[in-house]
2 protein chains.
Amino acid sequence: MAKPKAASPDDQAGTKRENRREELLRKAADLIAQKGFEGTSMRDIASAVNMLPGSLYYHFKSKEEMLLEIHQRVVDGMFERVETAIAAGHTPWEQLENASVAHFEGLIESRNLVNIISPNFPEERGALNEQIKAHRSRYEDIFRGLFDRLDLAPGVSKNVLRLQLLGALNFAPFWFREGGGLSAADVARQFTSNLRHSCEAGEGR
Amino acid sequence: MAKPKAASPDDQAGTKRENRREELLRKAADLIAQKGFEGTSMRDIASAVNMLPGSLYYHFKSKEEMLLEIHQRVVDGMFERVETAIAAGHTPWEQLENASVAHFEGLIESRNLVNIISPNFPEERGALNEQIKAHRSRYEDIFRGLFDRLDLAPGVSKNVLRLQLLGALNFAPFWFREGGGLSAADVARQFTSNLRHSCEAGEGR
DNA sequence: CCTACCGATCGGTAGG
DNA sequence: CCTACCGATCGGTAGG
């Protein structure tokens with residue numbers, strides 16, 4: 001009972017659907033970055049790819065599943081980018097600087113999607129929230145490792161220093177505009193350097 | 001045609017309504033801090049004060065007007081608090097440290113309402129957004145003034161340093177929990193000190 | 001401040 | 001992937 005799929009070429013039969021799915025995720029990510037998750041309706045997303053609202057559910061089980069997949073991908077992208085940047089550094093502080101630049105450039109390129117989704121997500125969405133936190137926490141472990149290898153002046157806490165640097169970087173997309181005097185890399189490097197020279201062991205403090 | 005207002009005591013006639021309004025604003029602020037602005041319905045707010053949804057419009061013209069008034073009040077509170085803290089400091093760096101502590105304590109007490117409202121507000125809400133930005137910008141001018149008076153090492157930008165400190169403080173409510181090892185004041189002081197010793201003029205850099 | 005209601009929009013589904 | 005539709009919920013209003 002071999003039943004060939006009508007006219008569509010064999011080697012693209014499964015891929016066409018996946019391509020459409022990719023397009024959907026990209027467009028949805030764009031919209032969510034602009035208007036937030038609650039502010040973006042399934043109808044908005046559908047019409048952005050010339051679909052009817054109900055048809056989205058052929059590709060995704062729910063709006064939340066869509067969000068989760070977008071978040072996953074953005075975080076995975078950041079993960080790779082930061083790991084690569086770290087590999088190019090030779091000292092712990094150099095590695096941290098590289099990681100900061102990669103992190104911040106990633107935030108800007110993804111239109112700050114991770115920060116829009118992760119920390120601002122309303123409390124009550126139980127299950128979804130925990131998965132989002134898990135993605136993010138795995139990513140942040142990279143930075144934990146980086147700060148562990150730093151040699152800090154006495155009295156300076158690794159944890160506080162990490163949260164200070166990441167906080168400043170994570171907040172920066174809210175004011176940073178490309179084409180100003182500073183590039184994204186400049187901002188990340190200055191943030192790192194401003195903290196380095198006082199917290200590094202051996203500096204007069 | 002003098003027409004006394006039935007039974008209610010004269011000296012509370014106008015105040016009762018205002019008290020109710022205050023209660024409404026406090027409850028609404030609580031809810032918005034928990035679930036965000038879009039996530040909080042007028043029905044949520046009404047039932048939190050044992051009112052019927054339609055009755056809210058006896059006190060407020062619209063949901064947006066309510067938000068604007070909440071934001072205004074929170075920012076005004078922060079303004080006063082920070083100005084007072086600054087007045088207690090004797091050197092520019094001491095004043096900055098005091099301001100950081102006051103700012104962060106204010107964020108925590110108000111459950112980070114300013115940051116939840118201001119930077120994360122979706123783009124398209126034209127008029128509302130501009131008023132919110134105006135409130136906030138007037139407040140942030142305090143910090144601009146503070147950094148202007150700082151004597152910084154060559155190569156350190158006042159603007160970048162200010163955005164770095166405020167960014168770290170503004171992001172911190174997302175991870176900070178009271179009752180941990182550090183108080184809010186500890187966090188703010190360490191953030192300031194971590195930046196100070198490398199960026200202050202005269203430090204080996 | 002309540003009663004009673006409006007039009008609009010939401011996420012999602014059945015059946016093809 | 002479309003057609004056609006569901007129940008729920010939203011901000012807001014008229015009239016008292």
Side-chain angles (χ1 to χ4, degrees), chain A residues 3 5-8 12-25 27-29 31-32 34-70 117 121-122 124-129, chain B residues 3 5-8 12-25 27-29 31-32 34-70 117 121-122 124-129:
Chain A
K3 216 204 232 170
K5 268 280 177 79
S8 71
Q12 287 207 1
T15 336
K16 184 170 260 175
R17 177 169 172 178
E18 281 170 26
N19 287 342
R20 198 69 169 139
R21 210 181 133 96
E22 295 300 321
E23 192 190 345
L24 231 20
L25 287 170
K27 278 289 184 192
L31 290 171
I32 292 171
Q34 278 174 41
K35 316 195 291 174
F37 179 64
E38 324 269 4
T40 305
S41 69
M42 290 303 258
R43 283 160 177 84
D44 290 339
I45 298 170
S47 83
V49 294
N50 291 317
M51 251 186 211
L52 292 187
S55 306
L56 291 178
Y57 295 87
Y58 170 72
H59 295 281
F60 299 94
K61 265 179 32 208
S62 69
K63 192 186 179 185
E64 296 200 347
E65 191 201 81
M66 226 175 150
L67 181 72
L68 207 58
E69 199 160 327
I70 291 172
I117 292 177
F121 218 66
E124 341 82 64
R125 302 227 179 204
L128 182 56
N129 238 319
Chain B
K3 217 203 232 170
K5 267 280 177 80
S8 71
Q12 285 206 3
T15 335
K16 186 170 256 174
R17 177 169 171 177
E18 280 170 27
N19 286 343
R20 198 71 170 134
R21 210 182 133 96
E22 295 300 320
E23 192 190 346
L24 229 21
L25 286 171
K27 278 289 181 191
L31 291 172
I32 291 172
Q34 276 173 44
K35 316 196 290 174
F37 179 64
E38 324 269 4
T40 304
S41 70
M42 291 303 261
R43 282 159 178 84
D44 291 339
I45 298 170
S47 84
V49 293
N50 291 316
M51 252 186 211
L52 292 187
S55 306
L56 292 178
Y57 295 88
Y58 169 71
H59 296 280
F60 301 94
K61 265 179 31 205
S62 69
K63 193 184 179 188
E64 296 200 347
E65 191 202 79
M66 225 177 155
L67 181 72
L68 207 57
E69 199 159 330
I70 291 172
I117 292 178
F121 218 67
E124 341 81 63
R125 302 228 180 201
L128 181 57
N129 238 321

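Since the structure is predicted, the reported quantities are computational estimates derived from the model, not experimental observations. Lettering of chains follows the sequences in order, A, B, ..., and the numbering in each one begins at 1.
- Counting to the nearest Å, the C1' atom of D:dT3 and the CZ atom of A:Arg43 are 14 Å from each other.
- Considering only side-chain N and O atoms, B:Arg20 lies under 4.0 angstrom from the phosphate OP1 or OP2 of C:dC1.
- Summarising the geometry, the separation between CG on A:Leu128 and C1' on C:dG11 is reported as 14 Å, rounded to the nearest angstrom.
- Proximity of B:Tyr57 to the phosphate of D:dG12: a side-chain N or O atom is located under 4.0 Å from OP1 or OP2.
- Taking a cutoff of 4.0 Å between a charged side-chain nitrogen and a carboxylate oxygen, A:Glu23 and A:Arg20 qualify as a salt bridge.
- Taking atom CD on A:Glu65 and atom P on C:dG11, their separation rounds to 15 Å, with Å as the unit.
- When the P atom of D:dC1 is taken as reference, atom CG of A:Asn19 falls 11 Å away, rounded to whole Å.
- At least one side-chain heavy atom of B:Glu69 sits under 4.5 Å from a side-chain heavy atom of B:Arg21.
- The phosphate of C:dT9 has neither OP1 nor OP2 within less than 4.0 Å of any side-chain N or O from A:Ser41.
- Contact annotation: the side chain of B:Pro53 never approaches that of B:Met42 to less than 4.5 Å [non-hydrogen atoms, C-beta and beyond].
- In this structure, the side chains of B:Ile45 and B:Phe60 stay at 4.5 Å or more apart for every pair of heavy atoms.
- When rounded to the nearest whole Å, the span between CE of A:Met42 and P of C:dT13 equals 10 Å.
- Note: A:Met66 CE to A:Leu68 CG = 12.5 Å, rounded to the nearest 0.5 Å.
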(message) If a pair means Watson-Crick or G-U wobble with both distances below 3.5 Å, what does DNA chain D look like in dot-bracket form, with | marking bases paired to a different strand?
(response) ||||||||||||||||
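- Of the candidate nucleotides D:dT3, C:dC2, D:dG11, D:dT3 has the atom nearest to the side chain of A:Leu52.
- Across the protein-nucleic acid pair, B:Lys35 atom NZ and D:dT9 atom P stand 12 Å apart, rounded to whole Å.
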